[in-house]
Amino acid sequence: MLTLIVKFLVKPDQLVAFKQALNTNRLCSQNEPSMLEMRFFQGKDSPNTIFAYERWENAQAHQEHVNQPYTQTLLQLAESALLSPIEVMTLNDTDPAPLHENNPKQVQADVFSLFFIFKIKEGYKEQLLQQFTSHVAQTRSEEPGNIVFDLYTIDGQDDTLVIYEHWRKESDLWDIHFKQPYVIETNKLLEQAIVGDMKQYMNFVNEF
């Protein structure tokens with residue numbers, strides 16, 4: 001399976017047209033049997049920033065999608081509508097494996113979502129992955145407010161990790177999750193490992 005996060009930085013005057021083009025592309029992509037999931041999110045604090053979260057059966061299926069006329073139309077629009085080149089992140093699964101739409105808790109659309117994409121200092125990657133093994137498992141099993149909590153590495157970027165999160169409401173993250181003992185321990189390690197401040201990497205988003 002191929003999992004991607006695609007980041008678009010859109011010109012303000014092109015935002016409506018670009019979102020419409022994304023929705024058209026998603027609608028057309030539903031006819032592709034190898035497309036497993038395609039979701040779009042807009043930044044709350046940075047509305048010009050759009051993230052796509054996509055899953056495909058394999059890399060060949062995604063390339064076939066890129067070659068489709070409707071995807072080529074979107075890419076042509078991107079050449080004039082974006083402030084910077086498209087950023088494509090190819091994600092690698094970690095342990096425990098990511099959850100997807102078969103998660104029985106994912107039953108509501110209006111959720112609090114974020115992409116936490118953070119840079120880490122050299123020498124901390126394996127220690128963080130080990131710490132997050134129990135962190136992810138406990139978040140999923142012990143916090144009813146959590147819907148999705150997936151940790152990924154990025155292909156070709158050893159200094160970057162991604163957490164893809166959905167919560168039933170904002171307070172489930174700030175008032176409950178961050179007060180759990182395992183989260184406090186993880187945050188102590190993150191304070192040492194992250195380049196810069198943790199909050200600068202938190203992208204709070206609304207799905208559309």
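Basis for what follows: all heavy atoms, side chains included, without hydrogens, waters or symmetry-related copies. In this text, all values refer to a predicted model and were calculated from it rather than measured experimentally.
A donor-acceptor contact shorter than 3.5 Å is absent between the side chain of E54 and the backbone of L4. Within the 3.5 Å criterion, the main-chain N or O of N206 finds no donor-acceptor partner in the side chain of K44. Of the possible donor and acceptor atoms, none in the side chain of R39 sits under 3.5 Å from a partner among the backbone N and O of E207. Between the side chain of T94 and the backbone N or O of L151, at least one donor-acceptor pair lies under 3.5 Å. Using a distance-only test at 3.5 Å, with no hydrogens or angles considered, a donor-acceptor pair links the side chain of Q180 to the main chain of I176. At least one donor-acceptor pair under 3.5 Å links the side chain of N203 to the backbone N or O of Y201.
Of the inter-residue distances, the one linking L82 atom CG with E87 atom CD reads 12.0 Å to the nearest 0.5 angstrom. A distance of 4.5 Å separates CG of L189 from CD of Q127, quoted to the nearest 0.5 Å. Interatomic distance, L91 CG to D150 CG, rounded to the nearest 0.5 Å: 9.5 Å. Put simply, NZ on K169 and CG on D175 are 9.0 Å apart, with the number rounded to the nearest 0.5 Å. Distance check: Q20 CD to L77 CG gives 10.0 Å after rounding to the nearest 0.5 Å. Annotation: the span from K125 atom NZ to T153 atom OG1 amounts to 5.0 Å, rounded to 0.5 Å.
In this structure the side chain of L36 reaches within 4.5 angstrom of the side chain of E57, judged on heavy atoms. F118 has its side chain within reach of I163: a pair of non-hydrogen atoms, C-beta onward, lies under 4.5 Å apart. Side-chain contact check for Q30 versus M38: every heavy-atom pair is 4.5 Å or farther apart. Between L22 and R26 there is no side-chain heavy-atom pair separated by less than 4.5 Å. Counting heavy atoms from C-beta outward, I117 and K7 have side chains that stay 4.5 Å or more apart. The shortest side-chain heavy-atom distance between F40 and K19 does not fall under the 4.5 Å cut-off. At least one side-chain heavy atom of L15 sits less than 4.5 Å from a side-chain heavy atom of I50. Side-chain contact check for L2 versus N58: every heavy-atom pair is 4.5 Å or farther apart.
Between F51 and Y53, the gap from one ring centroid to the other reaches at least 6.0 Å. The distance between the ring centers of Y164 and F115 falls below 6.0 angstrom.
When the side chains of ILVMFWY residues are joined at heavy-atom separations under 4.5 Å, either directly or via intervening members, L129 and I194 end up in a single hydrophobic cluster. A single hydrophobic cluster is not seen to contain both F208 and F204; linkage of ILVMFWY side chains at heavy-atom distances under 4.5 Å, directly or through other members, places them apart. Transitive grouping of hydrophobic side chains (ILVMFWY, heavy atoms separated by less than 4.5 Å) brings L75 and F18 into a common cluster. V6 and F116 fall into different hydrophobic clusters, where Ile, Leu, Val, Met, Phe, Trp and Tyr residues are linked whenever their side-chain heavy atoms come under 4.5 Å apart, directly or through other members. Note on W56 and I5: separate hydrophobic clusters, where clusters join Ile, Leu, Val, Met, Phe, Trp and Tyr whose side-chain heavy atoms are under 4.5 Å apart, directly or indirectly.
Below 30°, between 30° and 60°, or above 60°: for H177 and F149 the angle between ring planes is between 30° and 60°, a tilted geometry. Between H65 and Y70, the angle of the ring planes lies from 30° to 60°, which puts this pair in the tilted group.
The shortest non-hydrogen separation linking P96 to T133 is CD-O, 3.4 Å. Counting all heavy atoms, side chain and backbone alike, F178 lies closest to I184 at O-CG1, 3.9 Å. Across all their heavy atoms, E32 and A61 have their closest contact at OE1-O, 4.4 Å. The two residues V66 and Q72 come nearest to each other via the heavy atoms O-NE2, 2.8 Å. Nearest approach of S113 to H166, heavy atoms of both residues: OG-ND1, 2.5 Å. Shortest non-hydrogen contact noted between R140 and P98 is NH2-CA, 3.5 Å.
With 3.5 Å as the limit, one finds a donor-acceptor pair spanning the side chains of E64 and Q60. Between the side chains of E191 and N187, no donor-acceptor pair of N or O atoms lies under 3.5 Å. Side-chain contact annotation: T71 with N25, donor-acceptor N/O pair under 3.5 Å present.
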Legend entry - side chain to side chain contact (heavy atoms under 4.5 Å, CB included) assessment of N48 paired with K11: CA-CA 7 Å; N48 294 351; K11 296 177 181 177; over 6 Å; no
Inset, instruction - Mind running side chain to side chain contact (heavy atoms under 4.5 Å, CB included) on W167 and L114 for me, showing each step along the way? - result: CA-CA 9 Å; W167 299 87; L114 70 145; 4.2 Å; yes
Inset, instruction - Output, in order, the C-alpha distance, side-chain angles, deciding distance and verdict of side chain to side chain contact (heavy atoms under 4.5 Å, CB included) for K119 and Q157. - result: CA-CA 9 Å; K119 297 287 186 181; Q157 297 187 41; 3.7 Å; yes
Inset, instruction - Start with the C-alpha distance between M89 and Y152, add both sets of side-chain angles, then the distance that settles side chain to side chain contact (heavy atoms under 4.5 Å, CB included), and finish with yes or no. - result: CA-CA 10 Å; M89 291 166 265; Y152 297 97; over 6 Å; no
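Within 6.0 Å of the CD atom in Q63, the count of heavy atoms belonging to other residues, nucleotides or ligands exceeds 12.
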